[in-house]
Each structure stands twice: as structure tokens, then as C-alpha cells.
Asker: 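Here you go, one structure.
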Amino acid sequence: MAEAFVIAPRGALGLGQFLAALLCAAGLLCTASNGTNAAPRQAQKIIVDSDYNTISDDGQLGIMAAQLQTEGRVKIMGITVVSGNQWLKQEVSDALKAVERLGIGDRVGVYAGANYPLVRDLASVKAEQAAGAGGDGYLGAWGGPEPKTDAELTAPPDGFALYTHVQPKSAVDFIVETVKANPHQITILAIGPLTNIAQATKRNPEIIPLIKQIIYMGGAVHVPGNSTKAAEFNWWFDPDAAQEVVRLPIPQVVIPLDVTNTVQLTKSIYDRIAHAAKPTVVTALYQKLTGYGFDGKHGFETDPNYTQNVWDTLTIAYLLDPKFATESHDEFVDVIAKPGIEDGRSVGYGNAQPAGTPLQKVKVVTKFDNDRFFRLYIDLLTRPVPVRETK
Ligand code: RIB
């Protein structure tokens, strides 16, 4: 039965919402205005392992998670940060400001993780590019200098965090301790390179059977890569970690470029956030940083035909309801981790278990319910900030 979505101006109880409220009270149907089933459920405990940025897809996911936390849909155990989009120090700075801006800094800790990949270095990146690895030219942190001091950090438009500080515990220790304290309950939203998760599971293999699931934004299983012709950025940035983690005997869901390429942010969706009827600090940041594209000059504010990926944000929608994935299949997936232009390529083997490999089948999502997803996306990115108190 199709879900009865009730999308109405916040606060105005229309007939649709009144009927929905009656149905929900009768225990027949509970659907929140954000396009998800609001039936009272236990909050999903998540660790967001992220190469955080203020309001590209990692930052957007952080906002969505914070809003869902106020509904009791998720409980953000913590944000663990790893170099990827930016160097660790800058990402931690962005994440601290994000939790402070959202009003959750007192209950969602930011934990510093790996600053460098397990093996890859700048020399290998340069060698690949020289060898014709191709790609869109986005190299993330490798594309710029590593900030060594606070003076070298870039503040978001609304300034650095004023009173929120990084947790003294490392990201790896936090992952290990949180999984052990919540056996079979933790979902890791792995939306950056997998260095932290590889280090945590390698150092403490006893947590492997205790992790409920990993939902990745990563990989390009049956489509070309983006950072190189072969590989998707997150898994390319640390191929050795990606290979180690994807081979772990843990329930895994991969949200690869195969599906994220088909879920594009358009001007009409962008406008409903950037030019929201009730502006917030988030919608203002969204306009300032998303409206002018990754180069700061060409984006939705200058080109009505511009489109942009929302990559990571699909993972939290899938967590809320796997039915957001309208097509997926279970297959053996591995990651190539060897120097050269194939480094970081994700390989899907379908039903054929490659001989001699410790692979297990993972769920690979290939199509999404875009309309339903963007209703959730718009709703969560236009809600009041700071977020309402967590239930
Ligand atoms: O390839 C897409 C991934 O690269 C996303 O996680 C995005 O944040 C960038 O890190």
C-alpha cells in the first residue's frame, strides 16, 4: 500500500494531516511529513564515519541525521572523522562547527581519526595521474596543502566553533568502545575513506561480529569511477582500507556511483532549500556554498541547468527505510589495492564467488525512489536550526 505522504506547511494541520493523525492514533498508519514511516520505532544507533565538510554531502547528511535524532529515528553515537574531502584538521573543524550550529554539540561528540591512508601517498597519486588514470580531477585532500596549525584553517561563513571541542578519545577507540558497548546495534554510515574502520577492525577483530551493518557511500561497481576512470573517490583515497573492510564478514550495503549518478540535485529542488519560505542558517549556508558550485563560481545561482550529486545523503535514507532502494542486488564485491591506474577500483562478481578470495555477498543499490528521497531531503534541510531537543 503506498505510503500516505502528508507534506504540508509546518504547523498548519490540514485535512490530510488530521486524517493521518487519526490513522496514526488508531495504530493504522504513521507517516511523518518527511516521507518516512513515522511508526514509533527504536532509534537506530549510528556512527557517522565521514570526511566531513560544512554543507556538501557529508555536511548535509550531518544535518539530516541531527533532525532525525530529534524525532527519535536515529541516535548519533558520534561523528568519527577521516581525511578525504579535506585534510583531517579542517574536517574536524567543520564538524565541530556543524554540531555547534545544530545545537547538538553537547550530546554528539566529534572524534579525530586517520589523517593519512594506510598505504597510498602523494607520490602514488601523482604517478597514477601521470600514467593516465584519468577521472574528474577531484583529488580531495591530495589537491591542496595540509593545514598544520589552526591559523591555516578555513572558517565556514558563520565562523569557527566557539565552545565545542574535539573529543580526547581517538576515532578508532571510540568505534571499538561504542560497538562493544552496543553489540549488534551499531550501523556505521561509512561516507568517506575507510581508514578508521580498517584500523578499528584490524586492531580489535573482536568487534567484527558485533557491528550490526555498514552502509557505505562508495565504489563504482558497474559504472566508471569519478576520481579516476576506474575508481570512486572514497574507495580510491584509501584502496587498501577499502579492500580490507569490504571483505569483512559484516552485513554491508553499498550505495555506489551506480545509483548516486541517477539521483541528481536540480535547480527546482535546490531553490526549495536555498530560497526556503522560512530561511535558516542551514538554508543560507546551502545557498552560499552549494549555490555557486564546487568552484565557487558556477552553480545553481548562475546556471538553471546546473546539477549536483548528493552522494552520502542516500545512505541515511536507506537506513531509515531500505524501500528507498527500488533496485538492488546481492553480489560479491572486491576492491583492487595495488599501485597503478586500477588502484581503488571496485569489482562486482555477481553470483560467482571468485576462487580463493574471502569475499561475501554485499547488497549493491542501483536505483532509488528519487521523488520520495528528495521530499525527505528537502524536509530535513529546511527544518528549524538549532534542532529541537532530542526526545
Ligand atoms: O565519490 C563521492 C564521494 O566523494 C562522496 O562521499 C563525497 O563526499 C566525496 O567524498
Side-chain angles (χ1 to χ4, degrees), residues 46-65 79-88 90-92 94-95 98 113-117 120 125 133-144 188-197 214-239 241-242 245-246 253-265 286 289-290 293-295 307-319 333 335 343-346 364-366 368 373 377 381:
I46 63 174
I47 291 174
V48 178
D49 192 63
S50 165
D51 48 354
Y52 213 92
N53 50 46
T54 294
I55 203 156
S56 292
D57 56 330
D58 293 74
Q60 292 169 22
L61 181 137
I63 296 161
M64 295 169 75
I79 297 172
T80 50
V81 186
V82 60
S83 282
N85 280 317
Q86 311 173 97
W87 290 109
L88 179 72
Q90 181 65 59
E91 293 174 343
V92 167
D94 288 355
N115 191 36
Y116 301 114
R120 181 187 281 291
V125 173
D136 61 11
Y138 179 67
L139 304 177
W142 295 119
I188 301 177
L189 296 186
I191 58 175
L194 299 173
T195 320
N196 289 342
I197 303 169
I214 301 177
I215 303 177
Y216 307 94
M217 191 282 130
V221 181
H222 299 292
V223 298
N226 50 10
S227 281
T228 68
K229 286 180 287 202
E232 176 279 326
F233 177 80
N234 287 335
W235 291 7
W236 166 85
F237 194 89
D238 190 342
V245 176
V246 79
V253 179
V254 182
I255 308 275
L257 295 184
D258 307 55
V259 61
T260 62
N261 288 344
T262 71
V263 187
Q264 290 294 308
L265 179 62
Y286 193 83
L289 298 180
T290 303
F294 293 114
D295 65 1
T307 58
Q308 194 172 90
N309 288 286
V310 290
W311 298 291
D312 301 339
T313 56
L314 276 65
T315 61
I316 199 163
Y318 184 90
L319 171 75
V333 174
V335 179
D343 209 357
R345 178 192 287 273
S346 39
V364 177
V365 175
T366 48
F368 232 57
F373 167 75
Y377 177 86
L381 291 180

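Both backbone and side-chain heavy atoms feed into the values below; hydrogens, waters and symmetry mates do not. Atoms within a ligand are numbered from 1 in the order they appear, just like the ligands themselves.
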Asker: Between D258 and T366, does a side chain to side chain donor-acceptor pair (under 3.5 Å) hold up when you go through it step by step?
Answerer: CA-CA 5 Å; D258 307 55; T366 48; over 6 Å; no
Asker: Look only at the side chain of N196 and the backbone of V81, and say whether a donor-acceptor pair between them is shorter than 3.5 Å.
Answerer: yes
Asker: Using only heavy-atom distances, determine whether the side chains of N309 and D57 contain a donor-acceptor pair under 3.5 Å.
Answerer: no
Asker: Do Y377 and Q60 have a side chain donor and acceptor closer than 3.5 Å?
Answerer: yes
Asker: Among residues at least two apart in sequence or on other chains, which ones pass ring-ring contact (aromatic ring centres under 6.0 Å, His included) with F294?
Answerer: none
Asker: Within the protein, flag every N or O under 3.5 Å from an N or O of ligand 1, and note the pair and distance.
Answerer:
| unit_1 | atom_1 | unit_2 | atom_2 | d |
| --- | --- | --- | --- | --- |
| ligand 1 | 1 (O) | N226 | ND2 | 2.9 |
| ligand 1 | 1 (O) | E232 | OE2 | 2.6 |
| ligand 1 | 6 (O) | I191 | O | 3.2 |
| ligand 1 | 6 (O) | N234 | ND2 | 2.9 |
| ligand 1 | 6 (O) | D312 | OD1 | 2.6 |
| ligand 1 | 6 (O) | D312 | OD2 | 3.3 |
| ligand 1 | 8 (O) | D57 | OD1 | 2.7 |
| ligand 1 | 8 (O) | D57 | OD2 | 2.9 |
| ligand 1 | 8 (O) | D58 | OD1 | 2.8 |
| ligand 1 | 8 (O) | N85 | ND2 | 3.2 |
| ligand 1 | 8 (O) | D312 | OD2 | 3.4 |
| ligand 1 | 10 (O) | D51 | OD2 | 3.2 |
| ligand 1 | 10 (O) | N85 | OD1 | 2.8 |
| ligand 1 | 10 (O) | N85 | ND2 | 3.2 |
| ligand 1 | 10 (O) | N234 | OD1 | 3.3 |

Asker: For Y216 and D312, test the side chains for any donor-to-acceptor distance below 3.5 angstrom and give the result as yes or no.
Answerer: no
